[in-house]
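Quick note: numbers below take in every heavy atom, side chains included, and nothing from hydrogens, waters or symmetry partners. In this chain, numbering begins with 1 at the start of the sequence shown. For clarity, every value in this text was computed on a predicted model and none was experimentally measured.
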Amino acid sequence: MCGIIGIVGDKPVSDRLVEGLRRLEYRGYDSAGIATATPAITRRRAEGKLDNLVSVLADRPLTGIIGIGHTRWATHGAPTESNAHPHATEQVAVVHNGIIENFRELREELAAKGHQFESETDSEVIAHLVTAGMAEGLSPQQAASAAIGQLHGAFALGILFAGQDNLLIGARRGSPLVVGYGDGEMYLSSDAMAVGPLSNRICYLAEGDWVELTRDSAIIHDETGAVVEREIRSSTVAAESIDKGNFPHFMLKEIYEQPTVIGDTLNTYFNALSGGAFMPEMPFDMAQVPKVTIVACGTAAYAGFVAKYWFEQIARLGVETDIASEFRYREAAMPDGGVAIFISQSGETADTLAALRYAKSQGQYIVSIVNVPESSIARESDVVLPTHAGPEIGVASTKAFTCQLTVLACLVLTFARARGAIDDATVDRLCSSLAHVPELSRDVLQHDDRILSIAKDMTEARDVLYLGRGSLFPLAMEGALKLKEISYIHAEGYAAGEMKHGPIALVDDGVPIIVLAPSGRLFEKTVSNMHEVIARKGQVFLMSDEQGLKDAGPVPHSIALPAVDDFIAPILYAVPVQLLAYHLSVLKGTDIDQPRNLAKSVTVE
Ligand code: G6P
């Protein structure tokens, strides 16, 4: 949420700041801006997407060999140019990711001393605080450190000083910040991907650290001010490309990557020849775990909700699931020695991280499933189970979700075996179905044209309902979320059996209803609920397999997917719901990869 880039260079930085921001735009795209010290602080800022800033720079280029840049997801203050970062005084410019909780008090104190503010943001106060410190005779370093000490809340910062072309200060508390080591240049960024083209030697600042960057050095201080050493590592994400290839959108590319990345993820936790699923060594005995708690946000939470069905049915282990923003404040009772699983594509989601810390304080073993193995959530976990989805750029999560499900499926099988919860024949059946997921997901993609034609029938819809039972219920919610976030069509996912307790009142011939019903254990029940809807003129679109379509009786619209075991159905049915949301959004002409008001990495509560 909000992206930061900084360069202390020996050649012009403007283009490279913009290039870094392009790789950070997934973190927010309400406005963008850059500042350099030439030696005066000079800024260019623009409301909206980064391309608007690029146009501004084309008219009014920015020189300078040191600079900072920012792409914003608005928290305090509308997404206008005057609220865009960098915020600056004559002496100091600042980019900020996070929220300064005590900004009103600080702002009042500074205003009383004569400071004038030009934005509605919480962030501008930081530039003024540092400026005030320097006016009292502090050095830039001392003033920055003193200002950081006065801030409450979460932040990552980049601070630039007028007249200083060899000093950039970064700081982190609660929001990630990476230092990149170049040749005669140093970089600062919210993530390793943004410094990728510049450097693959990086260092993740620890909580509370601040850093003085010059062209040749990075002096890192911990929260007490002491100079500390932090590990410099080579970054793997850094080199990965983030282009769309031949696809019109990242989202479509990422949907089509699923057979490959599910396969890559499966290869890490599953070997059909040597007994199926396996896990790295765990600091607990799976057979003795009293309870599992699964917590995440958004799409990742739906992966957790699917896993609840799996854990309970297959491993016979009680699972509590919750979304992180609720879990973190409800003071859940957790048994000693329980296992708490946190799922996150970015590994930086603020609520998920806070929930993790709560679970840790309650004596839980922390297992995380993340797509960024060096993320904050990963670094605070006892066990990290990486997904191998590769960089996911589309804001709506697709391949990360199916990879999360893949890891969870392997984890459940490992628990089930350790607990003696399933017999050998069941193990064989589940393993064999899991082994086929990559190839079956490829088969599902073959139905893309049919899904497009279904989407064409739905373009006028104002509301859409998704129905499923069992592990397909979370998929119904995920389908609805995908549709809402990228097409802006209102959609809800319901447990099919719950329809008659209220939502069926919404049904008329203008409300498309997507029914997810693979033939299997819950098929007949789901189909009964579907017919209750059809009887009320509901426009049903049934997603099932050949057998299911045959058994379902007459249905207005349908799509025949490959026949799959119940166990893996949630992974495979994710693909058509993603494609449906995608095509409907293309037909509606929305901004698919960067839907309005959203950001991919949500580092504020
Ligand atoms: C944001 C994204 C969602 C994502 C959620 C959780 O809301 O738009 O796509 O599912 O955050 O993100 P995480 O990185 O923790 O999986």
In sequence, state the C-alpha distance, the side-chain angles, and the governing distance for T352 and I343, and then conclude on side chain to side chain contact (heavy atoms under 4.5 Å, CB included).
CA-CA 8 Å; T352 309; I343 309 168; over 6 Å; no
Taking all non-hydrogen atoms of both residues into account, name the closest pair between [X] and [Y] and its distance.
| X | Y | value |
| --- | --- | --- |
| T265 | C403 | OG1-SG, 3.4 Å |
| D463 | P512 | O-CD, 3.3 Å |
| A455 | L584 | O-CD1, 3.3 Å |
| A476 | Y494 | CB-O, 4.1 Å |
| I454 | S558 | CD1-O, 4.4 Å |
| S471 | P570 | OG-CG, 3.3 Å |

Quick one: does [X]'s side chain get under 4.5 Å of [Y]'s, heavy atoms only?
| X | Y | value |
| --- | --- | --- |
| L542 | I559 | no |
| S190 | R27 | yes |
| K456 | L587 | yes |
| L572 | L561 | no |
| F305 | F473 | no |
| M251 | I393 | no |
| V507 | V511 | no |
| V575 | Q258 | yes |

Hey, could you give me the [atom1]/[atom2] distance between [X] and [Y], rounded to the nearest 0.5 Å?
| X | Y | atom1 | atom2 | value |
| --- | --- | --- | --- | --- |
| W73 | N597 | CH2 | CG | 8.0 Å |
| T293 | D322 | OG1 | CG | 9.5 Å |
| I7 | S189 | CD1 | OG | 9.5 Å |
| H447 | L580 | NE2 | CG | 14.5 Å |
| R330 | S325 | CZ | OG | 11.0 Å |
| I323 | I294 | CD1 | CD1 | 14.5 Å |

When you measure from the side chain of [X] to the backbone of [Y], do you find a donor-acceptor pair of N or O atoms at a distance under 3.5 Å?
| X | Y | result |
| --- | --- | --- |
| E348 | S376 | yes |
| T89 | V92 | yes |
| K482 | S397 | yes |
| R173 | L151 | yes |
| E25 | T71 | no |
| Q345 | F401 | no |
| T590 | I486 | yes |
| R172 | L205 | yes |
| R23 | M193 | yes |
| R379 | E374 | yes |

Check the pair H583 / D448 against side chain to side chain donor-acceptor pair (under 3.5 Å), numbers first and verdict last.
CA-CA 9 Å; H583 288 306; D448 199 1; 2.5 Å; yes
Between [X] and [Y], a side-chain donor and acceptor under 3.5 Å:
| X | Y | result |
| --- | --- | --- |
| N371 | T387 | yes |
| Q578 | T398 | no |
| Y26 | D191 | yes |

Does R104 CZ have over 12 foreign heavy atoms under 6.0 Å away?
no
I'd like to know whether CG of D15 has more than 12 heavy-atom contacts from other residues, nucleotides or ligands below 6.0 angstrom.
no
Quick test of your reading of the model: are [X] and [Y] salt-bridged, counting only N-O distances below 4.0 Å?
| X | Y | value |
| --- | --- | --- |
| K399 | E392 | no |
| E118 | R43 | yes |
| R328 | D351 | yes |
| D59 | R44 | no |

Would V306 and L408 satisfy side chain to side chain contact (heavy atoms under 4.5 Å, CB included), going step by step from the backbone distance to the final call?
CA-CA 9 Å; V306 169; L408 285 160; over 6 Å; no
The test is side chain to side chain contact (heavy atoms under 4.5 Å, CB included); show your working for L188 and I5 and say whether it passes.
CA-CA 5 Å; L188 201 59; I5 180 91; over 6 Å; no
Applying the side chain to side chain contact (heavy atoms under 4.5 Å, CB included) criterion to T406, which one of I369, I262, V261 satisfies it?
I262
Sort out for me which residue in E124, H85, E81, H76 forms a side chain to side chain contact (heavy atoms under 4.5 Å, CB included) with S119.
E124
Tell me, please, whether F117 has R107 positioned over its six-membered ring: NZ or CZ under 6.0 Å from the ring centre and within 45 degrees of its axis?
yes
Contacts of A496 that satisfy side chain to side chain contact (heavy atoms under 4.5 Å, CB included) - sequence neighbours left out
L467, R469, T526, N529
Check the pair L472 / Y573 against side chain to side chain contact (heavy atoms under 4.5 Å, CB included), numbers first and verdict last.
CA-CA 8 Å; L472 271 294; Y573 276 62; 3.8 Å; yes
Can you sort out the partners of Y488 under ring-ring contact (aromatic ring centres under 6.0 Å, His included), two or more places apart, ordered by chain and number?
none
Are Y256 and F247 close enough, and set up right, to give a ring pair (Phe, Tyr, Trp, His ring centres under 6.0 Å), and what steps lead you there?
CA-CA 9 Å; Y256 270 82; F247 290 90; 5.7 Å; yes
Aromatic ring proximity H249/Y582, centre distance under 6.0 Å
yes
